[in-house]
Structures are given as C-alpha cells and as structure tokens.
Q: 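Okay, here's the structure, questions in a sec.
Throughout, protein chains are lettered first and strands after them, A, B, ... in sequence-line order, and every chain is numbered starting at 1.
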2 protein chains.
Amino acid sequence: MPARTAKTPLSRERILAAATAVADAEGLAAVTMRRVAEALDCEAMSLYYYVKDKSQLLSGLVETVIDQIIAETLAGADQSGPQELSQSGSNPSTADWREVVRTRCLGARKVMLRHPWAPSLVAGTAVVPPNTYLVFEALVGTMIEAGFSYETAHRAIHSLGSMLMGFTQEIFEPDAADDGTTAEEMAAMAAAFPHLGALAGSVTHDQTDSLGVCDTQSEFEFTLNLVLNGLDGFRGND
Amino acid sequence: MPARTAKTPLSRERILAAATAVADAEGLAAVTMRRVAEALDCEAMSLYYYVKDKSQLLSGLVETVIDQIIAETLAGADQSGPQELSQSGSNPSTADWREVVRTRCLGARKVMLRHPWAPSLVAGTAVVPPNTYLVFEALVGTMIEAGFSYETAHRAIHSLGSMLMGFTQEIFEPDAADDGTTAEEMAAMAAAFPHLGALAGSVTHDQTDSLGVCDTQSEFEFTLNLVLNGLDGFRGND
DNA sequence: ACGATTCATCTTACGTCGTAAGAAAGGACC
DNA sequence: GGTCCTTTCTTACGACGTAAGATGAATCGT
C-alpha cells in the first residue's frame, strides 16, 4: 500500500474551522494563510480556491462565531421560520421578555469567551456577516411582541450589541504586577489616584475569566440588568 | 546658502502625531513604520530611536487619544491635583452627578469620533496606557462624592467604558446598497427577516456620523441615559 | 584646537507576510 | 488514450517589521 493516506479534501468549512482553532490557540496574529494551511496539511495558496482574500477569511471567522451564538441562543427554533419564540407553544408573557433576552445575551457572551479574539475582529471588520441579522431578528421579534416600538427595539440592538462587543478587556486592572512597573511607580500611582487606590483595596478581584482580569461575569450581568431594566420602562410608552 | 533646510528633529511626540494623522487619513492599516517615516520625511529605521516597537507605537496612539479625552473632558482641572471637581469651588450637588458624567462621556465620544480607529486599536491592545487611570480617577471621585459605593463606581467604569468602546460600528445597517448584494438578495432578506424589514421601514436613518451609519448620536445618548439612570438607583443603597 | 565620545539618522539585509501567475496532479467523460 | 475540469502546488514579487551596523553631526575633555 502507498504510505501516503488520501487527505480529506479542503472546503470553506474546514478552512474556517482550522482558522478558528489557530486563533483560539495562538491568537489572531497567528492566523496567517501559511499557518492555517499548515494546520490543514496543505500549502497556503490552496486556500485561495475557497476564500478570496485574507480579509474574507477573517469575515468567515466572524461568521463562525455568530453561527455559534445562534446555535447557543436560538437552538432549533430558527429553521422552521423567522419568528422563533413568538409562534412556539409557550408564548412568553410580555413580562418576562427580560429573562428571554438576558438568557440570550449570556449565551452570546459564553461564545465570545470561547473566542476572545472575536471583539477585536469585529471592531476591525467593516461589514457584519448576514447571519447576524438572524440574531437581530429574534431580538426585535421578542421585543415587539413584548410591547416595544420598533424604534426602541432598534435602540436595544445598539445598546445590547455594544455591551456584548464592549469587551472592556483588561480596561481596568489595578494590580498589573507582571509588566515592567516597579514598586515605586506603583506607589506613585497610588498617591496620584487616591480613589482608585481605595477602590482597588475595597473591591475583591477574585474571579478572573478569560476576557481580561476585570471583566467578570458579575460585572457583565450588572450592566446587562441595568440596560434591560432601563429598556423595560419604554414598553408600550411610544 | 545650502539648498537643504535643516529638518526639525524627530521626537516621540512628533512621531505619534504623524502616526495619528496617517491613521485618521488612511486608516489603521496604513500606519506602517515606513509610511509614518515618510510623513515625517525620514527613514523607517529612524523611528526606532524613539519607539521600541511597532506595538509600542500603537500603544502610543491609544495614549494620544486618551490624552485628547482628558483635554476634552477634564480641561485644566487635573494638573493641580488628583481630585478635580470634588475640591473645586462649586461642589456639585449629589443630584446632578449624572450631568457631570454624561458631559464627560459625550466629550470622550467626540474624541473617539475624530479617530474611528481607536476602538479597534484598544480592542487589539493588551495593556491600557497609564493616563487612562486619570479618567477613571475622575469618574470614581465624582461618583463616590455623589454617594455611591466603590463597588458601584467600579461597575460604572465597566459599564460606561464598554459603552464608549462598544462603538457598534456598522453593526446594523439595513440598506447596505454599495456592496455586492443584489436586489433579489435584498428581497430574500426582507422576506426572511420580517421584523427587521418593518424596523428598517419605520426607523428613519437620516443622521450618519462617522462611526458607521447607524451609531448616531441619539442612540448613544439613549444608551448612556439608560446606564446613568440605572446607576442612579444604587446611590447610597449599599 | 582636536581627537574621542555620544547622539541621531540612514543603509543594507533578512525573514515573513499576502497573493499574482501559472504549472502540475488527479478524476471524469468521450 | 486523449481531452477537459477541478483542485492543489511551485515559484516569485513587493511590502512589512526590524536586526546590525555604518555614517554624519554635535559635544566634550584636555
């Protein structure tokens, strides 16, 4: 028998999966055509038969993440029709729209935490892939059904969307001990920023998840509740 | 006289200013060592005398933006001492902390709109420059003075910070007519996403600012008010 | 005044990246 | 077997970040 086993053929899906794996394991900067090709045991130029560009590869990565969000938050409800919760059996009472949306946002965040490179990718990409609209459609549907106006639903897309993308990765990390800051620099900072010093002393930074040290789940949920409760005040009011 | 006029010497400041100008005019991708050097009428390697790395140049860009935010929102109050509004003459009544913070957030946003590349740069940068702490210090100071706990102030940093960074650039743009989407694709989309179709019809997209088509000022202010009002409920409550 | 030293800038070169152009290896079909 | 697609690979080019060190200009000790 020949020593060389037949390779499984390439495909856009296989390429995107490999690129996602590389990004997860080695970061976005490691996602080069040559590196992805190596992960697929082929040459870099072979990828161009399935993706036009590197930028299209990156858009495909965004698409992949959105697909995972859809799978996580709208499981099994979307392929039967556009509306998902509104026409299924248990019509949610307009009161608990918040629970529905909160659950979806937390699911989306769960996916983002699996792919910490996603926010910066979305930030650098001009166009959002079409499958994003499915997520928005579900959100708008839920809110319209709960008694919101289209204008408020539109604003909710922006509020919740920027919350999810607004990663705040490491935006505030009081004890950055591993970089080159010396002890006296730390002391000078503590003197210059008394409130931050007091804050660092009073806030317990126990939980560290993968989207930076300070972006803990509880802080995300706090802001999420803030937005959801605020939005609820607009229900049926315009 | 010799024809060659003496060039003004390089400096970190001049380099960062040139890099900012290039980024503003041609986008982040155009910020290469050679391109920045060309803007300064020198060679690429000359930059390395003032910045260690390209990544350090990019960090410097973030620093520049934050400096502009400081100048815009904390004008003249910071160099006299760490606290700014808390010890100045007109002690703001605890009721209008929202106005103070809102004004600062809008000022920060104004700066971000001048540099649309800033969010993606922050998203891709691991460490936030030290001058960011000055912004946070002012926010925490204002909130503590208004009767908030340190924990709530900490959460406010995250809420407002992710709002500001959460740009949502072009995250939702119903009429993307300029790309390759054909008319039948548009029709298919409208059929697949009825709520989004209705939304696109009902929402007037008149104002287009530079951070994408849909991220209008009013949507930003709406979410900002949502967050500020929500935070206000925690004043003195824990 | 003048060699030595330090500072600031430039020259050259290397490895890596995205990717254009087209050759080569299969299969499928006549 | 020959012809034609489909899929993959080879080679090559220009742009990028930057290491190594040369080059000119300023400063200084004596």
Q: In terms of relative ring orientation, are B/Trp117 and B/His115 parallel, tilted or perpendicular, with 30° and 60° separating the classes?
A: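 Plane angle between 30° and 60°, so tilted.
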Q: Nearest of C/dT19, D/dC16, C/dC10 to any side-chain atom of A/Asp53?
A: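 Out of C/dT19, D/dC16, C/dC10, the nucleotide with an atom closest to A/Asp53's side chain is C/dT19.
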Q: Donor-acceptor check, side chain of B/Asn131 to backbone of B/Glu63, threshold 3.5 angstrom: yes or no?
A: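 Yes, because the side chain of B/Asn131 sits within donor-acceptor range (under 3.5 Å) of the backbone of B/Glu63.
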Q: Does B/Ser46 make a side-chain N or O approach to OP1 or OP2 of C/dA8 shorter than 4.0 Å?
A: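 No.
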Q: Would you mind reading off the distance between A/Leu47 atom CG and C/dC17 atom C1', rounded to a whole angstrom?
A: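 Whole-Å distance recorded here is 14 Å.
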Q: Check the distance between D/dT11's C1' and A/Arg34's CZ and give it to me in whole angstrom.
A: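 From A/Arg34 CZ to D/dT11 C1': 11 Å.
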Q: Starting at atom CD of B/Glu38, determine the distance to atom C1' of D/dG17, rounded to an integer number of angstrom.
A: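 Going from B/Glu38 (CD) to D/dG17 (C1'), I get 17 Å.
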Q: Look at B/Thr32 and D/dC16 and indicate whether a side-chain polar atom (N or O) is within less than 4.0 Å of OP1 or OP2.
A: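 Yes.
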Q: Report the distance from atom NZ of B/Lys54 to atom P of D/dA15, rounded to the nearest whole Å.
A: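 In whole Å, D/dA15 P lies 15 Å from B/Lys54 NZ.
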Q: I'd like to check A/Asp24 versus A/Arg114 (side-chain heavy atoms, cut-off strictly below 4.5 Å). Are they in contact?
A: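 No, side chains not in contact.
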Q: What is the distance, to the nearest angstrom, from the CZ atom on A/Arg12 to the P atom on D/dT6?
A: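 After rounding, the gap between these two atoms is 19 Å.
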Q: What's the CZ-C1' distance between A/Arg14 and D/dT7, to the nearest Å?
A: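 These atoms are roughly 13 Å apart.
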Q: When the distance from CD of B/Glu43 to P of C/dT11 is rounded to whole Å, what number comes out?
A: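 Rounding to the nearest Å, CD of B/Glu43 and P of C/dT11 are 5 Å apart.
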Q: Give the nucleotide from the list D/dC9, C/dG18, D/dT18 with an atom nearest to the side chain of A/Met33.
A: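 Closest of the options to the side chain of A/Met33: C/dG18.
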Q: B/Tyr48 OH to D/dA20 P: how many Å, rounded?
A: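 So the OH-P distance, B/Tyr48 to D/dA20, works out to 13 Å.
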Q: Looking at C/dT9, I'd like to know if its phosphate oxygens (OP1 or OP2) sit under 4.0 Å from a side-chain N or O belonging to B/Tyr49.
A: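 Negative; the distance criterion is not met.
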Q: For residues A/Ala108 and A/Thr73, report the shortest heavy-atom separation together with the two atoms involved.
A: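 Of all heavy-atom pairs spanning A/Ala108 and A/Thr73, the closest is N-CG2, 3.6 Å.
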